[in-house]
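All remarks here apply to the structure that follows.
Just so it is clear: chains get the letters A, B, ... in the order the sequence lines come, proteins before strands, and each one is counted from 1.
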Number of protein chains: 2
Amino acid sequence: MYNKELIKGTLQTIILKLLSEKEKMYGYEITQHVREITEGKIILTEGALYPSLHKLEAEGFLITEKVKIGKRVRKYYSLTTKGSSSAELKVNELVDFFKTMKQIITPKLSAKS
Amino acid sequence: MYNKELIKGTLQTIILKLLSEKEKMYGYEITQHVREITEGKIILTEGALYPSLHKLEAEGFLITEKVKIGKRVRKYYSLTTKGSSSAELKVNELVDFFKTMKQIITPKLSAKS
DNA sequence: CAAATATACCTAAGAAACTTATGTATTAAA
DNA sequence: TTTAATACATAAGTTTCTTAGGTATATTTG
């Protein structure tokens, strides 16, 4: 697992991006999905995920739909139009940030007169 | 400028990496250097930088050396052995984190049966 | 030469986004 | 039947920033 600080600020982007690919997902599913595709390198804690989902919903990026599975209620999230635009923006921003950071952390080939 | 949250958790890595390349630097110099190589995309605020430098020093990653420039005292920071190892570790961790994040945020080419 | 800007250090209050811990409840596996 | 997995949620505490100040010297510019 990575330095916990690194994940900060990327959680919303992760959520929005996953939902832009999968139509609708519920919280627990998101944690499992991320765990799988990152081979356990990124584990989303529920204490971080749920408040983040609620916030995105409150801000109009997500809408919810409750589905009864037996006696349990599962809460599916999906993107609004606003959420869809935001997903794209945030992913682009993140990719660009990574590029910029690499300018700092990877050795430069440039001239050293 | 990027979402301020993104920078979080990367500041220590930036500091350590720069010092692993430049032998010694002072705080203000670090802010200017980062501003230049990122073309203004990343601006380190002094309110974040100085406490971070102090912390790294307190933890034994950096040592300081005061140099008088006219009537002003400039405080140069350089890596300890511990700081040097840490620089490498943290950079590797960050690069690896970026790779893992890209698995999430970039479209996969993988089979969709 | 006076005023503004740049250089150079610093700290403190507050905000944001986490972690850790806890709670509830159903369902499946051992 | 007990444990683990599924599935939701909140709350206190921590960390790391941002924002906003403060001090002082040096340089540029009108």
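A:L11 has its CG atom 5 Å from the P atom of C:dC18, to the nearest Å. In this structure, the NZ atom of B:K71 is 6 Å from the P atom of D:dA26, given to the nearest Å.
The backbone N or O of B:K17 sits less than 3.5 Å from a side-chain atom of B:S20, completing a donor-acceptor pair. When atom types are taken as modelled, the side chain of A:T80 and the backbone of A:G60 share a donor-acceptor pair closer than 3.5 angstrom.
Here B:G47 lies in heavy-atom contact (under 4.0 Å) with a base. Using a 4.0 Å heavy-atom distance criterion, A:K55 is classed as a sugar-phosphate-only contact. Counting non-hydrogen atoms under 4.0 angstrom, A:E29 reaches nothing in the nucleic acid.
Residue side chain B:R72 reaches the base of C:dT7 through a donor-acceptor N/O pair under 3.5 Å, judged by distance alone.
Shown here is B:E59, whose CD atom has more than 12 heavy atoms of other residues, nucleotides or ligands within 6.0 Å.
For the atom pair B:L11 CG and B:L53 CG, the distance stands at 7.5 Å (nearest 0.5 Å).
Place B:Y26 and B:H54 on DNA chain C by their nearest nucleotides, and B:Y26 ends up nearer the 5' end. Both A:I69 and A:K8 lie close to DNA chain C; mapped to their nearest nucleotides by heavy-atom distance, the more 5′-ward contact belongs to A:K8.
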